[in-house]
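Scroll down for the structure; my scribbles are underneath it.
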Amino acid sequence: MNDTAIAAQEVGRVYASDSGAVHALQDVSFVVERGQFVVLRGRSGSGKTTLLNCLGGLDDPTSGKIWIQDQDISQLDESARTRWRRSSIGFVFQQMGLLPSFSAYENLDVMARLGGVPRGERRERILACLDLVGLLDYYDHRPYEMSGGQQQRIAIARALVAQPQLILADEPTSELDSETTHDILTALQDFVRQQDVSILLSSHDPIADDYADRVISLRDGRIHSSA
Ligand code: ADP
Ligand code: MG
């Protein structure tokens with residue numbers, strides 16, 4: 001079994017803009033082991049979203065290499081990459097992107113189908129994930145019938161439903177109050193321990209550090225510290 005969840009080697013990402021090249025990431029190298037809860041810390045503009053997008057294959061680095069569990073993602077063509085992403089990566093975005101006319105259960109079901117969860121296991125997986133985030137009783141609620149914190153917990157449950165080996169969460173708690181933040185980070189911590197998966201969670205707030213096995217901090221697109 002391979003114990004490396006992420007290996008990034010000298011990753012760079014340059015954006016072209018009207019005012020010239022923006023070096024969003026420069027010479028970023030690190031390794032995340034399987035079973036680690038890692039917080040990616042950095043101020044706004046430090047490169048967190050760019051890095052998560054590159055790791056999940058939503059964007060391509062301009063230079064350097066990324067392996068996710070032994071897979072060099074630059075080697076995958078578009079359709080292989082989409083399949084790989086749906087089954088191997090759980091994304092949680094700041095703007096959670098729940099389907100508004102679908103219930104919580106249906107939102108998870110869409111992702112379970114896309115992620116290839118066998119039909120006979122879907123219902124059990126969906127209910128288990130809703131339970132993990134404490135929202136089993138809300139299975140038939142639509143997003144607008146839930147608070148922002150509850151919607152974000154549904155988005156997290158949705159990211160877990162296809163049993164990805166790696167969860168990439170981009171500032172999932174930045175809009176939430178401290179109690180809800182605590183509940184969500186605790187649920188993710190439990191999930192990492194129980195399922196032996198890895199999480200890379202970005203945050204501009206040091207509160208997340210308390211839940212992490214490790215903190216990698218970015219400053220101006222470079223790794224500032226990695227402990
Ligand atoms: P963070 O998520 O830490 O706030 P980002 O990865 O969003 O940081 O941004 C890193 C840097 O790259 C910032 O200077 C930002 O303005 C710039 N940037 C991000 N996306 C683009 C883009 N599509 N085009 C040009 N510059 C961008
Ligand atoms: Mg960001």
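Counting starts at 1 for both ligands and their atoms, in listed order. Keep in mind that the numbers below use all heavy atoms, side chains included, and drop hydrogens, waters and symmetry copies.
- Looking only at protein heavy atoms, the nearest one to atom 3 (O) of ligand 1 is Lys48 NZ, 2.8 Å.
- Ranking the protein heavy atoms by distance from atom 12 (O) of ligand 1 puts Ala24 CB, 3.4 Å first.
- Counting protein heavy atoms under 4.0 angstrom from atom 24 (N) of ligand 1 gives one or more.
- With atom 7 (O) of ligand 1 as the reference point, the heavy atom nearest to it among Leu25, Thr49, Val22, Leu40 is part of Thr49.
- Within the 4.0 Å heavy-atom cutoff, Ser44 counts among the residues contacting ligand 1.
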I would like to know whether Arg34 and Asp196 meet salt bridge (charged side-chain N to carboxylate O under 4.0 Å, His left out); could you show each step before the answer? CA-CA 7 Å; Arg34 185 188 170 94; Asp196 196 29; 3.0 Å; yes

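- Among Gly45, Ser202, Ala21, the residue whose heavy atom lies closest to atom 11 (C) of ligand 1 is Gly45.
- Within 4.0 Å of atom 15 (C) of ligand 1, not a single protein heavy atom is present.
- Within the coordination shell of the Mg ion (ligand 2), defined by N, O or S atoms under 2.8 Å, Ser202 is absent.
- For atom 8 (O) of ligand 1, the closest non-hydrogen atom on the protein side is Gly47 N, 3.1 Å.
- Close approach to Arg43 involves these atoms of ligand 1, each under 4.0 Å from a residue heavy atom: 3 (O).
- When hydrogens are left out, the protein atom nearest atom 27 (C) of ligand 1 is Tyr15 CD1, 3.2 Å; that is the closest non-hydrogen contact.
- Summarising the local packing, CZ of Phe30 is surrounded by more than 12 heavy atoms from other residues, nucleotides or ligands at distances under 6.0 Å.
- Between Ser46 and ligand 1, at least one N/O pair is under 3.5 Å apart.
- Ring pair His141/Tyr138 is tilted by interplanar angle, where 30° to 60° counts as tilted.
- Note that the CG atom of Leu200 and the CG atom of Leu166 stand 7.0 Å from one another [nearest 0.5 Å].
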Going through the distances and angles, do Asp183 and Val133 end up as a side chain to side chain contact (heavy atoms under 4.5 Å, CB included)? CA-CA 8 Å; Asp183 291 347; Val133 298; over 6 Å; no

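- Atom 9 (O) of ligand 1 has its nearest heavy-atom neighbour, among Asp18, Thr50, Val14, in Thr50.
- Of all the heavy atoms of His204, none lies under 4.0 Å from any atom of ligand 1, so neither backbone nor side chain is involved.
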